[in-house]
2 protein chains.
Amino acid sequence: MAQAANSSRTRRQILRAAVKRFANAGYAAASVQQIVGDAKVSKPALYYHFRDKAGLFQALVSEAHDERFGVVQEAAARGRDFRGQLVEILVALFDYFHHHRELTRIAFATAFAAPGEVPAKVRYLDKCQRNLEFIHSLMKRAQADGELGHRFDSRDLAYGFYGLTNFYVRSHLLIPNYRLNRRTAERIVDLFLNGAGAQKKRE
Amino acid sequence: MAQAANSSRTRRQILRAAVKRFANAGYAAASVQQIVGDAKVSKPALYYHFRDKAGLFQALVSEAHDERFGVVQEAAARGRDFRGQLVEILVALFDYFHHHRELTRIAFATAFAAPGEVPAKVRYLDKCQRNLEFIHSLMKRAQADGELGHRFDSRDLAYGFYGLTNFYVRSHLLIPNYRLNRRTAERIVDLFLNGAGAQKKRE
DNA sequence: AACAGTACCTACCGTTCGGTAAGTTTTTAT
DNA sequence: ATAAAAACTTACCGAACGGTAGGTACTGTT
C-alpha cells in the first residue's frame, strides 16, 4: 500500500468499525475482536495502526471533538449579530450531529462516563471546557457590545446556553422523532434570550 | 439472619459496594469479583441475592430513580407559586444529588450510555420520561393558570427547564467547585423565566 | 542481488470474566 | 427432635478478554 499511515484503507476500515461498535456497546463492552471482525482485518493489523484499544478510542474521540469545535467556530463567524450567531451555531451543531450520530453518541457517553470506564489518557474535560469557553467568550462580547444585559454573570449565561443546546441534542439522540432544524434552533435561542415568561415576540 | 430479603445485611453490603464500583468504573468495567471483594462476601452470596450482574445493577438504578422522583414531587408540592415550585424542585434535586453523588453519576451515565452497554432489561428511558412528563404537567398548569405565557409550546418549556437543570447538576458532577445552593436555584429559574436578555429584576 | 521497512497474517499467551455445582452452616417450622 | 428452607461457603467451570511472538508478502532503496 505504502500510503500515508493516517489514511490507509485498513486504518479507515478499523475506525469505521470502531465507531459503530463503541457507539453501540460503549468502550468497555466493545471488544477489539468484534471490531477487527467487522473491519475484516486481523487483530495485529489493528495493533499495528493503534497502540492499544485505548489509543484507538482516543484517536476517534479526539478527532471528533476537534472537528465539531471547528464547525462551531465557522458557524459563529457566519452569524451577523449575537442572536444570529447563536442560531447559526445551533443549526451547525444540529447538522453535524445529524451526519455523525454515532460519533455524537460516543462523545456524550464519554462525557458522562464513570472516571474508570473510559481510558484516562486524554482529558476530554479539556475539550469540553474549550467549547464552553468559546461560548463564554461570545457571551462576554455580547455583554460588552450591549447586545446582552449584565443581569446575569457571563459564565452563567454560557452554562445556560450550553446546557440548553446539549439537552436538545441529547433528546434528539434518545428520541429522534424530535426534528432538529433551523426553526427549532430559533425557538431555543428565543427561549434563551427572552425567557419562558415572555408574552410576545421580540421586537 | 432470617430478615426480610430486601434488607439483609449482606444484601446491603453488596449494594453499597456495587454503587461505588459501578459509579467509578461503569457497568461493563465493574466486575462482580471486585464488588464481592469490597463487600467482603463470596460471589455466590451475590448470586443468591441477585439473579445476575444485570439484576444487581437494575435494582440499584431502579430504586434510585424512584426515590428521586418522589423527592421532586414532594418539592413541587412545597412550592407556593409556579416560580416557587421550580425553585423548590431545584433545591431538592441539588440536595439529593449532593447526598447521592455516586448514584447520580450512575443515573447520568446510564442515560447516556450506548444501548448495548447497559443491560436492556429496564427501560430507563421510561423513568426519565416520567420525570419529564411531571415537569411538563407543571408547565401546562402554569400556562392554564396564566403564570406562564403561551408563546412557547409547553413541551418545549419542559424540555428547556429540564435541560437547564440537568446541565447544572451535570456540571456540578464534573466540576464540583460550582456550588449548588438555593441562590443558584433561584438564578437558574430566573434565567429560565426571564431570559438572558432581561435587563432588570423581575417585578 | 541484498537489504530494510511497511503492512499485515496465524496462532497463541496469561488473565479475568460472569456464572455455577455441590457442600455447609444457620434459622425457622412442625 | 427433626425436617426443610434460607443463607451462605469453597472450588471451579468454559468462554472471552486484551495483547503479542514470530513469521510472511510486498514494496522501495542501494
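Note on naming: letters A, B, ... go to the chains in the order of the sequence lines (proteins, then strands), and numbering restarts at 1 for each one.
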Chemist: Could you list by number each residue of residues 30-38 of chain B showing a heavy-atom separation from DNA chain C of less than 4.0 Å, or answer none if no residue does?
Modeler: A30(B), S31(B), V32(B), Q33(B)
Chemist: If the threshold is 4.0 Å, N to carboxylate O, is there a salt bridge linking R16(A) and D38(A)?
Modeler: no
Chemist: For Q13(A) and dC9(C), give me the distance from atom CD to atom P, rounded to whole Å.
Modeler: 10 Å
Chemist: Starting at atom OH of Y27(A), determine the distance to atom P of dC17(D), rounded to an integer number of angstrom.
Modeler: 13 Å
Chemist: For residues 105-118 of chain A, run the donor-acceptor check on the side chains, cut-off 3.5 Å, and write out each pair with its distance to 0.1 Å, sequence neighbours left out.
Modeler:
unit_1: T110(A); atom_1: OG1; unit_2: I106(A); atom_2: O; d: 2.6

Chemist: Whole Å only: how far is the CD1 atom of I14(B) from the C1' atom of dA7(D)?
Modeler: 11 Å
Chemist: Sequence neighbours excluded, which residues qualify as side chain to side chain contact (heavy atoms under 4.5 Å, CB included) partners of S137(A)?
Modeler: F134(A)
Chemist: Donor-acceptor pair under 3.5 Å: do we get one between K43(A)'s side chain and the base of dG19(D)?
Modeler: yes
Chemist: Between the side chains of D153(A) and R187(B), is the shortest nitrogen-to-carboxylate-oxygen separation below 4.0 Å, so that they form an ion pair?
Modeler: no
Chemist: Expressed as a whole number of angstroms, how long is the span from K53(A):NZ to dC17(D):P?
Modeler: 9 Å
Chemist: CG of L46(B) versus C1' of dT9(D): gap in Å, rounded?
Modeler: 14 Å
Chemist: Quick check on dC8(D): is either OP1 or OP2 less than 4.0 Å from any side-chain nitrogen or oxygen of T10(B)?
Modeler: yes
Chemist: Would you kindly give the CZ-to-P distance between F50(B) and dC8(D), to the nearest whole Å?
Modeler: 11 Å
Chemist: Suppose we screen for side chain to side chain contact (heavy atoms under 4.5 Å, CB included). Which residues come up paired with A75(A), at least two apart in sequence or across chains?
Modeler: R78(A), E88(A), I89(A), A92(A)
Chemist: Can you check whether Y48(B) has a side-chain N or O nearer than 4.0 Å to OP1 or OP2 of dC8(D)?
Modeler: no
Chemist: Strictly below 4.0 Å: does S42(A) bring a side-chain N or O up to OP1 or OP2 of dA11(C)?
Modeler: no
Chemist: Indicate every side-chain donor-acceptor pair of residues 23-30 of chain B with a distance under 3.5 Å to a residue at least two apart or in another chain.
Modeler:
unit_1: N24(B); atom_1: ND2; unit_2: K20(B); atom_2: O; d: 3.1
unit_1: Y27(B); atom_1: OH; unit_2: A54(B); atom_2: N; d: 3.2

Chemist: Examine dC8(D): is either OP1 or OP2 under 4.0 Å from a nitrogen or oxygen in the side chain of H49(B)? Give yes or no.
Modeler: yes
Chemist: When the distance from OH of Y47(A) to C1' of dG22(D) is rounded to whole Å, what number comes out?
Modeler: 18 Å
Chemist: Mind checking A45(B) for me? I need base, sugar-phosphate or nothing, with any heavy atom below 4.0 Å counting as a touch.
Modeler: base
Chemist: For K43(A), enumerate each residue passing the side chain to side chain contact (heavy atoms under 4.5 Å, CB included) test, keeping only those at least two apart in sequence or located in another chain.
Modeler: V32(A), Q33(A), V36(A), Y47(A)
